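Everything numeric in this text was worked out from a predicted model, so none of it was measured.
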Amino acid sequence: MIKTILIATDYSLESLNILKKVLKEKDAKAEKTQYNILFVSGYEMGDSIRDLLFTTKGGIFNKIRPSEFCDAFSIIKNKYPHLINKMICDVFTGSFQRTFNNYVKTEKIDEAYYSPSIKSKGKGKFDIIPYIKKCKDLESHEITIEISESLPERGKLAEIFVEA
């Protein structure tokens, strides 16, 4: 059986702690379920015709997703190959609740996880947590993660190895 999980992210290494906690819980249950993991951040496309016509998802990801995130993403995927069917990064560009609800139905998302300490701000990003909370077709879970300011590995790939 395959289920789809949405994780609200800002594409920081801290946001991968949500995935680590979720996979640790799922692994402890020892079920035969695999998961499609969908990392989603809100992104404001703007209203310029040029931006709307010539902006691609690859271009957006080059702006908002650091290379350390991709490397850490791969490490986690290799740690839980029995749980992860596939992992995908995406952006939600809508601005209405019904658009988000349709996104959830289209992507066949079963559950969503978010942390209030991870806020998508800057570089055109916006927070999708309010959309997740209001979506009636989605089972959502708030994950508490502590972000230590004094962590020497903060912002570096080694941060992914720190136990959450």
Side-chain angles (χ1 to χ4, degrees), residues 1-29 31 33-47 51-52 55 57 59-61 63-66 68-70 72-73 76-77 79-80 83-149 151 154-155 159-160 162-164:
M1 182 164 152
I2 295 178
K3 289 186 175 182
T4 303
I5 295 174
L6 180 144
I7 295 183
T9 185
D10 61 352
Y11 294 109
S12 66
L13 292 176
E14 291 92 2
S15 66
L16 287 171
N17 288 331
I18 298 171
L19 177 63
K20 285 172 37 179
K21 279 192 170 190
V22 169
L23 290 176
K24 200 175 206 180
E25 288 174 13
K26 302 287 185 189
D27 196 30
K29 290 181 182 178
E31 296 174 345
T33 305
Q34 280 201 308
Y35 299 93
N36 292 333
I37 311 294
L38 191 60
F39 285 95
V40 181
S41 177
Y43 186 77
E44 177 62 46
M45 290 290 289
D47 54 2
D51 289 343
L52 294 172
T55 301
K57 278 191 182 182
I60 293 169
F61 287 135
K63 290 180 193 173
I64 66 172
R65 187 180 61 187
E68 291 86 8
F69 181 88
C70 298
F73 180 89
I76 293 173
K77 187 175 181 178
K79 183 175 181 180
Y80 295 101
L83 288 176
I84 299 172
N85 182 47
K86 64 181 173 181
M87 290 173 54
I88 302 167
C89 293
D90 202 5
V91 288
F92 172 69
T93 57
S95 55
F96 298 107
Q97 184 64 46
R98 70 174 175 263
T99 309
F100 184 79
N101 295 348
N102 287 336
Y103 178 79
V104 168
K105 285 178 187 171
T106 302
E107 297 295 330
K108 298 179 178 112
I109 299 169
D110 299 301
E111 36 188 326
Y113 294 88
Y114 63 91
S115 175
S117 60
I118 308 250
K119 297 284 184 190
S120 292
K121 298 288 182 204
K123 295 184 186 175
K125 294 187 275 187
F126 65 87
D127 196 9
I128 64 167
I129 294 173
Y131 293 104
I132 292 172
K133 288 180 178 178
K134 291 179 186 172
C135 185
K136 291 179 175 65
D137 300 329
L138 190 59
E139 180 184 330
S140 63
H141 306 278
E142 183 175 308
I143 302 287
T144 306
I145 56 172
E146 294 90 32
I147 299 174
S148 175
E149 296 296 328
L151 189 66
R154 187 168 167 79
E159 181 179 347
I160 202 64
V162 175
E163 283 303 312

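- Annotation: side chain of Thr9 is not in contact with side chain of Ile18 (no heavy-atom distance under 4.5 Å).
- Distance check, rounded to the nearest 0.5 Å: NZ of Lys29 to CD of Glu25 gives 7.0 Å.
- Contact detail for Asp51 and Met45: the closest heavy-atom pair is CB-O, 3.9 Å.
- Residues Glu139 and Lys3 are not paired through a salt bridge, judged by the lack of any N-O separation under 4.0 Å between the basic side chain and the carboxylate.
- Inter-residue side-chain proximity for Gln34 and Met1 is flagged as unmet; no heavy-atom pair is nearer than 4.5 Å.
- By the 4.5 Å heavy-atom criterion applied to side chains, Val40 and Ile7 are not counted as neighbours.
- Smallest separation of non-hydrogen atoms from Ile129 and Ala8: CG1-CB, 4.4 Å.
- Judged by the 6.0 Å and 45° rule, Arg65 forms a cation-pi pair with Phe61.
- For the pair Lys57/Asp90, a side-chain contact is recorded, criterion being any heavy-atom separation below 4.5 Å from C-beta on.
- The distance from the OG atom of Ser115 to the NZ atom of Lys21 is 8.0 Å, given to the nearest 0.5 Å.
- The shortest non-hydrogen separation linking Phe73 to Leu16 is N-CD1, 4.0 Å.
- Side chains of Tyr114 and Leu6 form no contact here, defined as non-hydrogen atoms less than 4.5 Å apart.
- Legend: residues meeting side-chain contact (heavy atoms from CB on, under 4.5 Å) with Asp10, ordered by chain and number and at least two apart, are Ser12, Ser15, Ile118, Ser120, Lys125.
- The side-chain heavy atoms of Tyr103 and Leu38, taken from C-beta on, include a pair separated by under 4.5 Å.
- In this structure, the separation between OG1 on Thr93 and CD1 on Ile60 is 7.0 Å, given to the nearest 0.5 Å.
- If you take NZ on Lys134 and CG on Asn101, they are separated by 10.5 Å, rounding to the nearest 0.5 Å.
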side-chain contact (heavy atoms from CB on, under 4.5 Å) between Leu138 and Ile109, intermediate numbers included: CA-CA 7 Å; Leu138 190 59; Ile109 299 169; 3.5 Å; yes

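- Counting only heavy atoms from C-beta outward, the side chains of Lys26 and Ile5 approach each other to under 4.5 Å.
- Side chains of Pro116 and Glu142 form a contact here, defined as non-hydrogen atoms less than 4.5 Å apart.
- If you look at Tyr131 and Phe92, their ring centroids are closer than 6.0 Å.
- In terms of heavy-atom proximity, Lys105 sits nearest to Asp137 at CE-OD2, 3.1 Å.
- Judged purely by distance below 3.5 Å, without hydrogens or angles, the side chains of Asp110 and Tyr35 never pair a donor atom with an acceptor atom.
- In this view, Asp27 and His82 satisfy the side chain to side chain donor-acceptor pair (under 3.5 Å) rule, not counting sequence neighbours.
- Without hydrogens or angle criteria, Tyr43 side chain to Gly94 main chain gives no donor-acceptor distance under 3.5 Å.
- No donor-acceptor pair under 3.5 Å is formed between the side chain of Thr99 and the backbone N or O of Ser95.
- Considering Leu19, Thr4, Ile88 as possible partners of Ile37, the one that fulfils the side-chain contact (heavy atoms from CB on, under 4.5 Å) test is Leu19.
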